[in-house]
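Have a look at the structure below before the remarks.
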Amino acid sequence: MQFYNTLSGKKDEFIPIEEGKVRMYACGPTVYNFFHVGNARCFVVFDMLRRYLEYRGYEVKFVQNFTDIDDKVIKKANEEGLTYSEIAKRYIDEYFVDAKGLGVRPATVHPLATDNIDMILHIVKTLVEKGYAYPSNGDVYFRTRKYKDYGKLSGMLIEDLESGARIDVSEQKEDPLDFALWKAAKPGEPAWESPWGMGRPGWHIECSAMVMRYLGETIDIHCGGQDLIFPHHENEIAQSQCCTGMQFCHYWLHNGYINIDNHKMSKSAGNFFTVREIAEKYGYLPIRHFILSSHYRSPINFSKDIIEQSKAALERIFNCVDTLNFFVNNAPEERVRENEGELIAKFDSAKSKMIEAMDDDFNTGEGIAAIYDLVKDINTAVNSNPAPSKGAMIHAKALLDEMTELFGFVRDKDDNDDFIREIEEAIEKRKKAKKAKNYAEADRIRSELLERGVVLLDTPTGTQYRINAQK
RNA sequence: GGCGCCAUAGCCAAGCGGUAAGGCAGAGGUCUGCAAAACCUUUACGCCCCGGUUCAAAUCCGGGUGGCGCCUCCA
């Protein structure tokens with residue numbers, strides 16, 4: 001398995017620190033609002049990465065933080081007259097609602113910045129002791145120039161940064177390039193005790209602290225959006241490596257942006273849609289499908305048309321799942337047909353194609369194409385005459401389930417048993433009417449069900465139904 | 001100014017030197033008593049342009065054109 005490593009600038013073969021185990025960290029959201037489709041990309045992509053690593057047999061410990069204290073959270077709290085932690089808690093809860101809808105599983109640990117102040121202080125203190133950081137009027141800054149590898153991840157050189165001159169110049173700093181590890185408290189803001197007075201952590205330091213506490217001094221994979229490469233991840237590396245003297249992380253993975261009309265979707269630009277509002281109209285899964293249909297590093301354009309395309313594309317998979325389940329549940333038991341080896345091999349080739357694609361830098365687009373290959377082969381088999389054996393299709397079903405589950409293309413089950421029994425009784429009644437050639441009655445039953453959102457499909461194996469989930 | 005990315009059909013998208021995956025939409029057809037939002041088939045003589053390397057290039061190299069991102073909070 002190989003993937004593109006921002007640190008080396010090329011695809012690297014993945015070799016974990018500890019055989020069979022993966023320690024990975026992703027920068028999570030700052031919780032002061034619902035997250036938008038652009039934010040969703042990294043959640044979905046790195047959930048997929050984690051699922052795939054597990055699928056390939058690794059035991060994965062995955063940590064994703066919540067930034068629950070920062071300027072934006074404080075601002076929002078002040079606007080609403082609430083505490084920062086009330087705001088954070090609200091949007092953490094909302095995060096999990098949307099994440100679940102998107103098929104994004106909870107991480108192994110979801111730590112909060114404010115639960116790790118002690119670890120943050122430990123790192124800042126160590127950096128001050130080692131001479132990599134200095135206090136200044138209650139703030140503490142990192143001496144960027146003192147870390148000789150600064151800029152290695154982003155390819156930015158110290159000299160270039162200087163000439164860019166867009167860096168924050170402050171009276172407090174020895175050098176404009178230095179960045180804050182700890183910020184002195186402003187009146188009315190939440191604050192914690194520290195050797196330099198009351199204050200709160202800077203943004204970059206929290207990730208270093210949570211990585212160290214939950215995953216250790218050196219981890220396998222660190223991921224996030226491309227916009228975090230500089231300065232956030234660069235700073236994380238500097239802080240962590242100067243603190244421990246160890247390499248911080250072996251593989252850095254960064255996802256591309258989601259654009260609208262070719263411009264990056266972002267809260268500050270205002271050109272965003274929240275996942276919640278799109279999901280209410282189209283459902284969550286089309287968003288997941290849209291994100292995974294292209295490579296995680298390419299920029300992708302979001303539009304409602306695209307989401308509709310993804311929704312239609314997903315229907316094709318779900319139709320196949322329904323068709324196959326119906327076939328397997330209703331096909332008569334029979335002897336295995338001869339010469340079905342070829343059919344089975346065809347089914348299996350879809351899985352091989354998927355694994356090959358995913359092993360090469362998580363090519364989800366080609367992985368999904370493999371699912372559609374399988375879908376086509378299943379549809380063709382089910383409709384062929386003579387019908388394939390039940391055994392062959394049970395094999396196909398196992399494959400299809402495995403692949404759709406890996407990609408998270410799984411619908412919520414409707415457990416409305418009474419309704420289902422009603423439908424099945426109606427279908428039985430219609431079957432009798434049809435047998436008696438009472439087509440008027442049969443059509444009446446069919447349109448009655450249709451009005452209730454139930455579509456009937458007459459297949460050679462019997463009558464299949466589909467409940468149109470209008471979500 | 002510095003660093004970097006992208007350009008494939010009406011739309012989305014894979015492809016990483018061997019003769020254009022997959023999805024949506026469109027067109028034709030199949031199953032059916034009739035239907036179906038189901039299924040099947042089909043849809044790029046060409047991969048932004050111009051040169052070059054090679055037996056062979058969407059794929060590599062050089063030069064253009066167009067678009068985007070980071071350097072400031074940002075997934």
Side-chain angles (χ1 to χ4, degrees), chain A residues 6 9 11 26-30 35-46 70-72 151 154-157 159-168 203 223-232 234 254-259 261-269 272 289-290 293-295 297-303 305-317 319-320 322-323 353 357 360-361 363-373 375-376 378-380 382-385 433-434 437-440 442-443 446-447 450 455-460 463-464 466 468:
Chain A
T6 307
K11 285 185 195 172
C27 293
T30 302
F35 64 85
H36 62 66
V37 175
N39 303 127
R41 187 171 192 185
C42 69
F43 304 144
V44 168
V45 160
F46 297 124
D70 95 321
D71 291 345
K72 288 172 302 225
S154 56
M156 309 280 286
L157 299 167
E159 306 85 72
D160 297 338
L161 291 170
E162 285 175 315
S163 62
R166 291 177 74 178
I167 37 187
D168 181 28
W203 173 41
C223 31
Q226 280 171 355
D227 46 4
L228 296 185
I229 295 173
F230 189 92
H232 184 58
E234 201 70 75
H254 292 99
N255 62 279
Y257 305 120
I258 288 183
N259 295 336
D261 298 329
N262 280 321
H263 290 274
K264 180 184 168 188
M265 183 185 292
S266 76
K267 272 182 189 147
S268 49
F272 66 90
H289 186 280
F290 155 69
S293 63
S294 58
H295 189 92
R297 279 188 287 111
S298 321
I300 45 177
N301 249 310
F302 175 83
S303 71
D305 279 358
I306 300 302
I307 288 297
E308 275 173 7
Q309 285 186 16
S310 275
K311 191 176 164 69
L314 270 176
E315 287 300 317
R316 184 169 163 77
I317 294 175
N319 285 338
C320 180
D322 291 343
T323 302
K353 175 180 169 178
D360 185 14
D361 204 18
N363 194 331
T364 51
E366 226 178 314
I368 291 175
I371 294 179
Y372 287 106
D373 287 348
V375 163
K376 178 159 290 180
I378 288 170
N379 283 332
T380 303
V382 166
N383 289 312
S384 65
N385 193 1
K434 273 175 70 175
K437 299 214 192 252
N438 184 354
Y439 295 123
D443 289 351
R446 184 169 66 192
S447 50
L450 188 61
V455 180
L456 297 188
L457 294 91
D458 291 330
T459 76
T463 299
Q464 192 186 334
R466 179 170 304 137
N468 273 348

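As a basis for the values below, the full set of heavy atoms in this structure was taken, side chains included, without hydrogen atoms, waters or symmetry mates.
Contact annotation: the side chain of A/K11 approaches that of A/D360 to within less than 4.5 Å [non-hydrogen atoms, C-beta and beyond]. Side-chain atoms of A/I368 and A/H289, non-hydrogen and from C-beta on, do get closer than 4.5 Å to each other. Residues A/F43 and A/P29 form a side-chain contact, since some pair of their non-hydrogen atoms from C-beta on lies under 4.5 Å apart. Counting heavy atoms from C-beta outward, A/T463 and A/L457 have side chains that stay 4.5 Å or more apart. Counting heavy atoms from C-beta outward, A/M265 and A/Y257 have side chains that stay 4.5 Å or more apart.
On the C1' atoms, B/C24 is 27 Å away from B/G66, given to the nearest whole Å. Going from the P atom of B/C45 to that of B/U72 covers 47 Å, rounded to whole Å. Nucleotides B/A14 and B/G51 are separated by 29 Å at their P atoms, to the nearest Å. For the P atoms, the distance from B/C47 to B/C55 is 22 Å, rounded to whole Å. Between the C1' atoms of B/A20 and B/G67, the separation comes to 24 Å (whole Å). Remark: the separation of the P atoms in B/A58 and B/U19 is 11 Å, to the nearest Å. Nucleotides B/C60 and B/C68 place their P atoms 24 Å apart, quoted to the nearest Å. Nucleotides B/A27 and B/G18 have their C1' atoms positioned 33 Å apart, rounded to a whole Å.
The CG-P distance, from A/N383 to B/U41, rounds to 11 Å in whole Å. Look at CG on A/D458: it is 13 Å from P on B/A35, rounded to the nearest Å. The CG atom of A/D322 sits 14 Å away from the C1' atom of B/C39 (whole-angstrom rounding). Look at CG on A/D70: it is 18 Å from P on B/U72, rounded to the nearest Å. Rounded to an integer number of Å, the gap from A/F230 CZ to B/G69 P is 18 Å. In this structure, NZ of A/K72 is placed 9 Å from P of B/C73, rounded to the nearest angstrom. The separation between A/E315 atom CD and B/G22 atom P is 21 Å, rounded to whole Å. Here B/A13 presents its P atom at 7 Å from CG of A/N301, a figure rounded to the nearest Å.
Remark: the backbone N or O of A/R316 is not paired with any side-chain donor or acceptor of A/Y372 at under 3.5 angstrom. In this structure, the side chain of A/D322 does not engage the main chain of A/N319 through any donor-acceptor pair within 3.5 Å.
Using a cutoff of 4.0 Å between basic side-chain nitrogens and carboxylate oxygens, A/D443 and A/R446 are scored as salt-bridged.
Among the protein residues, A/K434 comes within range of the nucleic acid bases, having at least one heavy atom under 4.0 Å from a base atom. Among the protein residues, A/L228 comes within range of the sugar-phosphate backbone only, with heavy atoms under 4.0 Å from sugar or phosphate atoms but none that close to a base. Heavy atoms of A/G38 sit under 4.0 angstrom from at least one base atom. Residue A/L456 is in base contact, counting any heavy-atom pair closer than 4.0 Å across all strands shown. Residue-level contact check: A/F290 touches neither bases nor backbone, having no heavy atom under 4.0 Å from any strand. Nucleic acid contact for A/H289: none, since no nucleic acid atom lies under 4.0 Å from a heavy atom of the residue. Using a 4.0 Å heavy-atom cutoff across all strands shown, A/Y439 reaches at least one base atom of the nucleic acid. Residue A/A369 is in base contact, counting any heavy-atom pair closer than 4.0 Å across all strands shown.
With a 3.5 Å ceiling on both atom-pair distances, B/C31 lacks any Watson-Crick or G-U wobble partner. Pairing for B/G18 goes to B/C55, judged as Watson-Crick or G-U wobble with the two contacts each under 3.5 Å. The base-pairing partner of B/C68, taking Watson-Crick or G-U wobble contacts with both distances under 3.5 Å, is B/G4. Pair check for B/G46 finds none; no Watson-Crick or G-U wobble contact set falls under 3.5 Å. With both pairing distances under 3.5 Å, B/A13 is matched to nothing as a Watson-Crick or G-U wobble pair.
A donor-acceptor contact under 3.5 Å is formed by the side chain of A/D443 with the base of B/G33. Looking at A/R446, its side chain comes within 3.5 Å of the base of B/C34 through a donor and an acceptor atom. A donor-acceptor contact under 3.5 Å links the side chain of A/Q309 to the base of B/C11.
When distances run from any side-chain atom of A/Y257 to the nucleotides B/C70, B/A36, B/G23, the shortest one goes to B/C70. Candidate nucleotides B/C39, B/A35, B/C12 were compared by shortest atom distance to the side chain of A/N319, and B/C39 ranks first. You'll find that the side chain of A/I300 is closest to B/A13, out of B/A13, B/A38, B/G33. Of all nucleotides listed (B/A37, B/A75, B/A14), B/A37 comes nearest to the side chain of A/L450. The A/N39 side chain lies nearest to B/A75 when the options are B/A75, B/C73, B/C40. Ranking B/G69, B/A14, B/A21 by closeness to the A/S294 side chain, first place goes to B/A14. The listed nucleotides are B/C71, B/C68, B/A75; the one nearest the side chain of A/M156 is B/C71. You'll find that the side chain of A/R466 is closest to B/A38, out of B/A38, B/G33, B/C39. You'll find that the side chain of A/T30 is closest to B/A75, out of B/G22, B/C40, B/A75.
With 3.5 Å as the limit, one finds a donor-acceptor pair spanning the side chains of A/N301 and A/N262.
Checking A/A312 against A/R41, the closest nucleotide of RNA chain B that is more toward the 5' end is the one next to A/A312. With the nearest nucleotide of RNA chain B identified for both A/H263 and A/S310, A/S310 has the one nearer the 5' end.
The phosphate of B/C70 (OP1 or OP2) has a side-chain N or O of A/K264 nearer than 4.0 angstrom. Put simply, A/H295 has no side-chain N or O that comes within less than 4.0 Å of OP1 or OP2 on B/A13. Proximity of A/R316 to the phosphate of B/C40: a side-chain N or O atom is located under 4.0 Å from OP1 or OP2. Within the 4.0 Å cut-off from OP1 or OP2 of B/C68, not a single side-chain nitrogen or oxygen of A/N259 is found. Look at A/K353 and you won't find any side-chain N or O under 4.0 angstrom from OP1 or OP2 of B/A14.
Note: A/H36 and A/F272 have tilted aromatic rings, judged against thresholds of 30 and 60 degrees for the angle between ring planes.
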